[in-house]
Amino acid sequence: MAPQRQLFSFCIFSVLSFSTITSGYGGTLPDNKPSTQRFAPKYSYKLGKSVPQEAGPERLSLHTLGSRSTLQSKRMVTNPFRPFHNVSGARPSTPAPISVNNFGAKGIDHTDDTEAFQKAWAEACSSNGAVVLLVPPHRNYFVKQFTFSGAQCKSHITMQIQGTIMAFEDPKTYHFPDKSKQHYWLTFERVQNLVVEGPGTINGNGEKWWQSSCKQNNITRTLVPNCNNDAPTAVTFKKCNNLTVHNLNFEKAQQKHVSFENCTDVKASRLRINTSEASPNTDGIHVTETKNIDISMSRISTGDDCISIMGGSRNVYVANIACGPGHGISSVRSFLRNSHHKGSINGTNPG
């Protein structure tokens with residue numbers, strides 16, 4: 001009986017081991033081929049042809065096909081035959097988000113949280129691999145002028161804004177040493193592979209800037225004595241490559257809401273821009289010297305152009321934009337190449 005018991009035990013052990021391995025990979029492995037349930041290779045489609053993607057980190061980028069820009073996804077393809085050690089089924093741990101609260105941000109009662117944001121960004125930049133920089137929900141973080149510089153960044157950063165980033169209302173809190181240059185509030189400069197996503201809000205608190213603007217008020221058509229043209233752009237992305245801005249709210253910009261300057265491979269989608277019709281020069285999305293940019297599925301209400309496209313821009317694709325109030329799309333035709341728009345765009349002005 002002993003040999004029979006040993007043979008029976010060996011059979012049970014073999015069945016259990018095979019079941020554990022195949023369940024980790026999504027099912028049985030007939031003919032040494034992986035199941036398609038979990039680790040199937042991803043495909044992108046170019047002009048009707050399916051093309052397997054090479055292995056690599058997950059990213060979204062814009063590729064130009066002829067005269068039109070097309071978005072394709074590259075995702076990591078996991079080798080199903082690598083050694084499987086995680087018998088329990090638990091997923092490998094991922095780094096915890098870097099929260100601005102951990103660096104002293106309060107998010108209450110007009111507290112200046114600029115320094116906390118600076119420290120949190122420096123920590124995220126110095127990290128290796130992918131990292132999430134978190135702006136927690138249910139708080140209003142007041143921040144002064146600041147540049148999120150990517151010059152020293154080693155990581156792929158996702159900035160997840162769940163709460164609200166607020167500008168201080170008083171124009172005196174801003175410092176513009178060179179009056180002749182364009183002015184900015186929040187700037188992301190030379191950051192590669194950046195994702196900025198919501199569902200939170202960036203609020204420029206721009207009412208006092210509007211009141212002193214030299215541009216005529218869109219409602220009253222009056223000029224302000226002792227006016228100024230110093231109002232900054234709320235959020236500027238400058239010289240960023242492979243950039244995604246997704247599912248964010250923008251409100252009450254001092255001047256332009258979002259500006260893309262000298263960027264490459266940009267996807268901006270599901271943005272909600274909401275500002276009074278009476279606000280002067282508050283373009284929703286501004287594009288200049290940027291190539292391969294896809295703007296889609298967004299709702300824009302503003303006091304000026306919903307989207308303005310300036311010189312040097314190439315391969316601009318705009319689709320499914322709800323615009324109003326606002327002046328539609330304004331573009332410089334002599335500098336704009338390979339550009340398209342379609343969908344629910346109101347009051348388009350391509351001139």
Side-chain angles (χ1 to χ4, degrees), residues 24-25 38-44 52-63 71-80 82-86 88-103 105 116-137 141 143 146-163 165 186-200 202 235-248 258 260 263-271 292-294:
Y25 294 120
R38 287 186 60 184
F39 295 117
K42 303 297 181 182
Y43 291 86
S44 67
Q53 295 301 304
E54 67 272 20
E58 179 172 343
R59 63 189 291 272
L60 289 174
S61 61
L62 201 65
H63 296 269
L71 187 69
Q72 70 177 27
S73 175
K74 294 183 179 179
R75 296 183 181 274
M76 182 180 296
V77 179
T78 306
N79 179 7
R82 76 183 190 278
F84 187 83
H85 301 294
N86 192 2
S88 67
R91 294 183 177 181
S93 60
T94 56
I98 298 173
S99 172
V100 295
N101 289 356
N102 295 340
F103 295 85
F117 273 70
Q118 292 171 338
K119 292 179 178 179
W121 178 259
E123 178 70 17
C125 264
S126 64
S127 302
N128 292 316
V131 63
V132 175
L133 176 60
L134 177 65
V135 179
Y141 297 89
V143 177
F146 178 53
T147 296
F148 298 89
S149 175
Q152 304 299 322
C153 281
K154 299 185 294 183
S155 56
H156 292 192
I157 300 177
T158 295
M159 187 170 185
Q160 192 172 93
I161 302 172
Q162 296 185 3
I165 300 177
L186 300 178
T187 304
F188 294 85
E189 186 169 7
R190 297 182 184 274
V191 189
Q192 314 305 316
N193 305 302
L194 172 68
V195 176
V196 181
E197 64 181 12
I202 298 178
V235 182
T236 301
F237 297 94
K238 186 183 296 186
K239 298 181 180 179
C240 295
N241 298 326
N242 196 25
L243 168 66
T244 298
V245 185
H246 175 71
N247 192 30
L248 266 175
V258 188
F260 299 99
C263 294
T264 303
D265 295 340
V266 179
K267 179 172 176 58
S269 64
R270 298 189 181 278
L271 306 183
N292 302 344
I293 178 169
D294 186 311

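Note: hydrogens, waters and symmetry copies are ignored here, and every other heavy atom, side chains too, is used.
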Interatomic spacing from [atom1] in [X] to [atom2] in [Y] - rounded to 0.5 Å:
X: C263; Y: N242; atom1: SG; atom2: CG; answer: 11.0 Å
X: I165; Y: L186; atom1: CD1; atom2: CG; answer: 6.5 Å
X: N292; Y: L243; atom1: CG; atom2: CG; answer: 12.5 Å
X: R190; Y: C153; atom1: CZ; atom2: SG; answer: 13.0 Å
X: H156; Y: N128; atom1: NE2; atom2: CG; answer: 11.0 Å
X: E197; Y: L271; atom1: CD; atom2: CG; answer: 12.0 Å

task = Output, in order, the C-alpha distance, side-chain angles, deciding distance and verdict of side-chain contact (heavy atoms from CB on, under 4.5 Å) for N101 and Y141.
result = CA-CA 10 Å; N101 289 356; Y141 297 89; 2.8 Å; yes

Would you indicate whether the side-chain heavy atoms of [Y] and [X] approach each other to under 4.5 Å?
X: F237; Y: V196; result: yes
X: Q162; Y: P136; result: no
X: T147; Y: W121; result: no

For the residue pair [X] and [Y], what are the closest heavy atoms and their distance?
X: I98; Y: A120; answer: CG2-O, 4.1 Å
X: P97; Y: L134; answer: CB-CB, 4.1 Å
X: S149; Y: C125; answer: O-SG, 3.7 Å
X: Q192; Y: K239; answer: NE2-O, 3.9 Å
X: I157; Y: S155; answer: CG1-OG, 3.5 Å

task = Would you please say whether a donor-acceptor pair under 3.5 Å links the side chains of D265 and N241?
result =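 No, because no side-chain N or O of D265 sits under 3.5 Å from a partner of the opposite role on N241.
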
request  = Just say parallel, tilted or perpendicular for the rings of F148 and F188, cut-offs at 30° and 60°.
outcome  =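 Correct class here is parallel.
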
